[in-house]
**Q** 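Quick one: structure below, then a few questions.
So you know, we letter chains A, B, ... as the sequences are listed, proteins then strands, and number each from 1. Just so it is clear, the model here is predicted, and its values are computed rather than measured. In what follows, every heavy atom counts, from backbone to side chain, and hydrogens, waters and symmetry copies are set aside.
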Protein chains: 2
Amino acid sequence: MGKTTLKSLAQALNMSVSTVSKALNDSHEISEITKKKVQEFAKKHNYQPNVLAQFLKTGKTQTIGVVLPKMTSPFESQILEGMQQTASALHYRIVIMNSMESEDLEKAALQSMLDKAVDGILFCPIHESSNLELAKQIQKTTPLVIFDRTNYPIDTHKIGVLNSAGTYQACKHLLDIGRNRMAIFCGTRQGITATRLLGYFEAHSDFGLPVAPEYTVYCNVKSISELQADMEQHVKKLLQLPNPPNAIIGVADTITTHLLGVLAKLEVKVPDTLAVIGFANTDLALSLNPSLSTIRQPTKDIGEISVTKLVEVIQKTNRSQIEWEDIKLPTSIQLRRSTIG
Amino acid sequence: MGKTTLKSLAQALNMSVSTVSKALNDSHEISEITKKKVQEFAKKHNYQPNVLAQFLKTGKTQTIGVVLPKMTSPFESQILEGMQQTASALHYRIVIMNSMESEDLEKAALQSMLDKAVDGILFCPIHESSNLELAKQIQKTTPLVIFDRTNYPIDTHKIGVLNSAGTYQACKHLLDIGRNRMAIFCGTRQGITATRLLGYFEAHSDFGLPVAPEYTVYCNVKSISELQADMEQHVKKLLQLPNPPNAIIGVADTITTHLLGVLAKLEVKVPDTLAVIGFANTDLALSLNPSLSTIRQPTKDIGEISVTKLVEVIQKTNRSQIEWEDIKLPTSIQLRRSTIG
DNA sequence: TTGTATGCGTTATCAT
DNA sequence: ATGATAACGCATACAA
């Protein structure tokens, strides 16, 4: 009593392997009666097709590889959950490779996908040109879709959010509540940060607000502790300006949420002295000090659409004729006590 | 110029397929000179072995399946990250299936692993007996290791934490700072909750504190909003008692962190009126209102050890002789303003 | 409607 | 030291 295979079934049923195979695949060239017979017998003997053999035969693994810079912050893990769920629904499985913000690891991750053990790749590059050549190379043979970091110069589907609009909304809200001196805390000097800054500048221009260069702050996001120390210095410096800001916008989850901790430590009153709003997908906004006004990204949708689009490409026969889409999903804004007191 | 395979290499080199295969696998029966020749040629032509064929041949997929109830909270995502990293180091990949706290989905997830597309399974059951029979069934053919929920009645390695000690420590700390009336907020009535409650009772017994039954509170954790509403009611009720508690212990990440939001909403002073401490792996403890005293679980270690132990089993030839370990890792306690003001 | 034969790309066994 | 050949389990073109 070894494992049940097509062969063993065929033997037991006194039929040929191909008949059994076709019957189990519900082929039209098999009579209903034998189909039923075979299928029942197979079920009874708990037959499980060896997917590896199927894979080898069909060249498809029903597997999607995801390469992304981190996976523990709410933004990423929510996206991953969305991907996992829709992939499951489409009968795909997800394999995650964490590039951990390192270009070398990212390269290794991408290369490990290359061995044809995945049908397609969902890629969130570390920065706007990291491993670009490799990605282009891969794309020649394996469908690849970009998510989140959509300003990555490559021809394929891209799924991200309307970053500049998110910041614009935040600025508008701050202005509405009388905060006209807004600092903005950024991460690295590229990609998404740049787009979010754009919304900030646009809003200032539209609303006739002057832009103070010292209000644009770049933080060291290498590690949480470095980020905290760095933000502490920046806040102190800003508050000593002759014309200090009365609001801060955070351009990323980590920055915005940890900024509250820094301000609490410095005993800066929020929102009295500084209103705070920013991009954040934490579900702890209500438990923060004070409850945090957020610009939320539709993480579940990002995950879902990324998978859907990728599978679309995978299943397309003539891949050359696809019109690549650059999808930008809208953000939403939630107002809480960190801005409205 | 199709894909480079053993066959194509052999043809080009005018050698046999088996020679090439052996040369690439560094076999001792191949001369150094041909080895070098083959390996260089293969590299030059960017040869990638088809892992699917390898899988079919060897019966190993170098893939580990993870089934767990959720993946977006810090505790779970940190564990997943730990698993992913050590798996990578051991040349395994991780496939995640999210049971989403549903027994049916859990069953489907486990069954989808059954088709032999994974070499082993890491399983965190929804509750202490969910899909127990199926798990036992699977275990006959596929190595399976339990993590987090270690009070699952099955014979295999289990990797979790010393839950009762965690709560015990928290109680001790509360007593040290003069809080002798501690309520405890639990989730469902089973498994881990029970163990953590044990530490609470033990501490009370050891320290000669009376246990007030109304201090043990079970919360509805179906969704965040239900949890918040439910906790709000419980807090109100507790504070109206003739002898209200002066501290609350949360037994899980979500409960503890969201409790702060509820208390903020009710304008209950923390820690003045109620000190708060609890199990939580959020890295936002410092940004919470107020900064949160936590009992932290060694998530990275859980992930790392789980994978290591599972791979150990996978690679063991005579699986029958293994002594199953029930590993309990210590928690650590971080004191912040929610208890020490 | 059913069966036969072949191949997917590897590894492993056995000759040479 | 190298090569021929047979599996692994399945799907499919083709034959009957």
Side-chain angles (χ1 to χ4, degrees), chain A residues 1-39 41-42 45-63 91 114-119 141-142 317, chain B residues 1-39 41-42 45-63 91 114-119 141-142 317:
Chain A
M1 115 126 218
K3 351 224 167 271
T4 330
T5 73
L6 281 188
K7 197 199 249 174
S8 73
L9 287 179
Q11 235 154 15
L13 285 163
N14 207 22
M15 302 199 283
S16 83
V17 175
S18 60
T19 307
V20 176
S21 170
K22 285 172 186 164
L24 289 175
N25 287 329
D26 215 27
S27 162
H28 56 274
E29 29 179 296
I30 300 292
S31 71
E32 285 306 319
I33 178 148
T34 46
K35 264 191 210 172
K36 188 151 271 175
K37 201 159 126 194
V38 172
Q39 288 170 357
F41 192 79
H45 285 260
N46 195 27
Y47 168 71
Q48 299 287 0
N50 181 326
V51 286
L52 293 141
Q54 280 177 325
F55 292 171
L56 177 59
K57 182 66 191 171
T58 60
K60 296 291 176 190
T61 63
Q62 298 300 121
T63 302
H91 301 103
L114 250 189
D115 60 13
K116 264 318 227 177
V118 296
D119 293 349
T141 65
T142 309
T317 41
Chain B
M1 120 130 214
K3 351 222 168 271
T4 330
T5 73
L6 283 188
K7 197 199 250 175
S8 73
L9 287 179
Q11 235 155 15
L13 285 163
N14 207 23
M15 304 197 284
S16 83
V17 173
S18 50
T19 307
V20 175
S21 169
K22 285 170 186 164
L24 289 174
N25 287 328
D26 214 26
S27 162
H28 56 273
E29 29 179 297
I30 299 292
S31 72
E32 286 306 320
I33 177 147
T34 45
K35 263 191 209 172
K36 188 151 273 173
K37 201 159 126 194
V38 172
Q39 287 169 359
F41 192 79
H45 286 260
N46 196 28
Y47 167 71
Q48 300 286 0
N50 181 326
V51 285
L52 293 140
Q54 280 176 325
F55 292 172
L56 176 60
K57 188 66 192 171
T58 61
K60 297 290 177 192
T61 63
Q62 298 300 119
T63 302
H91 302 103
L114 250 190
D115 60 13
K116 264 318 230 175
V118 297
D119 293 347
T141 66
T142 309
T317 40

**Q** Closer than 3.5 angstrom, by distance alone: can the side chain of B:Gln62 be matched with the main-chain N or O of B:His91 as a donor-acceptor pair?
**A** yes
**Q** Has the side chain of A:Lys57 got a donor or acceptor atom sitting under 3.5 Å from an opposite partner on the base of C:dG9?
**A** no
**Q** Take the protein atom CD of A:Gln62 and the nucleotide atom P of D:dA11, then report the distance between them rounded to whole Å.
**A** 12 Å
**Q** So, under a plain 3.5 Å distance rule, would you say the side chain of A:Ser31 forms a donor-acceptor pair with the base of C:dT1?
**A** no
**Q** Looking at D:dT2, C:dT11, D:dA11, which one has an atom nearest to any side-chain atom of B:Lys22?
**A** D:dT2
**Q** Could you tell me how far apart A:Lys60 (NZ) and D:dA11 (P) are, to the nearest whole angstrom?
**A** 16 Å
**Q** Name the closest nucleotide to the A:Thr5 side chain, picking from C:dG3, D:dG3, D:dG9.
**A** D:dG9
**Q** Would you mind reading off the distance between A:His28 atom NE2 and D:dA11 atom P, rounded to a whole angstrom?
**A** 16 Å
**Q** With no hydrogens and no angle check, just 3.5 Å: does a side-chain donor-acceptor pair link A:Ser21 and A:Ser18?
**A** no
**Q** Quick check on DNA chain D: between B:Leu56 and B:Thr34, whose nearest nucleotide comes earlier from the 5' end?
**A** B:Thr34
**Q** When you measure from the side chain of A:Asn50, which nucleotide among C:dG9, D:dA4, D:dG9 comes out closest?
**A** D:dG9
**Q** So which heavy atom on B:Ala117 is nearest to which on B:Thr63, and how close?
**A** O-CB, 3.9 Å
**Q** Quick check: closest heavy atoms across A:Val20 and A:Ala10, and the distance to 0.1 Å?
**A** CG2-CA, 3.8 Å
**Q** Within the structure shown, what part of the strands sits under 4.0 Å from B:Glu29 by heavy-atom distance: base, sugar-phosphate, or nothing?
**A** base
**Q** Where the side chain of A:Met15 is concerned, which of C:dG3, D:dG3, D:dC8 is the nearest nucleotide?
**A** C:dG3
**Q** It should be established whether B:Gln54 places a side-chain nitrogen or oxygen under 4.0 Å from OP1 or OP2 of nucleotide C:dG9.
**A** no
**Q** What pair of heavy atoms forms the shortest contact from A:Lys35 to A:Ile30, and how long is it?
**A** CE-O, 3.5 Å
**Q** Would you classify A:Thr58 as touching base, sugar-phosphate or nothing, given that sugar-phosphate means primed atoms plus P, OP1 and OP2, and contacts are heavy atoms under 4.0 Å?
**A** nothing
**Q** Taking only side-chain N and O atoms of B:Tyr47, does any of them lie within less than 4.0 angstrom of OP1 or OP2 on C:dT10?
**A** yes
**Q** Can you see if the side chain of B:Ser16 gets near the phosphate of D:dG3 - specifically, an N or O under 4.0 Å from OP1 or OP2?
**A** yes
**Q** A:Ile33 CD1 to C:dT2 C1': how many Å, rounded?
**A** 14 Å
**Q** Does the D:dG3 base have a donor-acceptor partner in the side chain of B:Ser18 within less than 3.5 Å?
**A** yes
**Q** Expressed as a whole number of angstroms, how long is the span from B:Asn14:CG to D:dA4:P?
**A** 10 Å
**Q** Whole angstrom is fine here: how far is it from CZ in B:Phe55 over to P in C:dT10?
**A** 12 Å
**Q** Rounded to the nearest Å, what distance is computed from the CG atom of residue A:Leu6 to the C1' atom of nucleotide D:dC8?
**A** 13 Å
**Q** Atom NZ of B:Lys60 and atom CG of A:Leu52: how far apart are they, to the nearest 0.5 Å?
**A** 11.5 Å
**Q** Between A:His45 (NE2) and D:dG9 (C1'), how many Å, whole number?
**A** 18 Å
**Q** Any side-chain N or O of B:Ser21 under 4.0 Å from OP1/OP2 of C:dT10?
**A** no
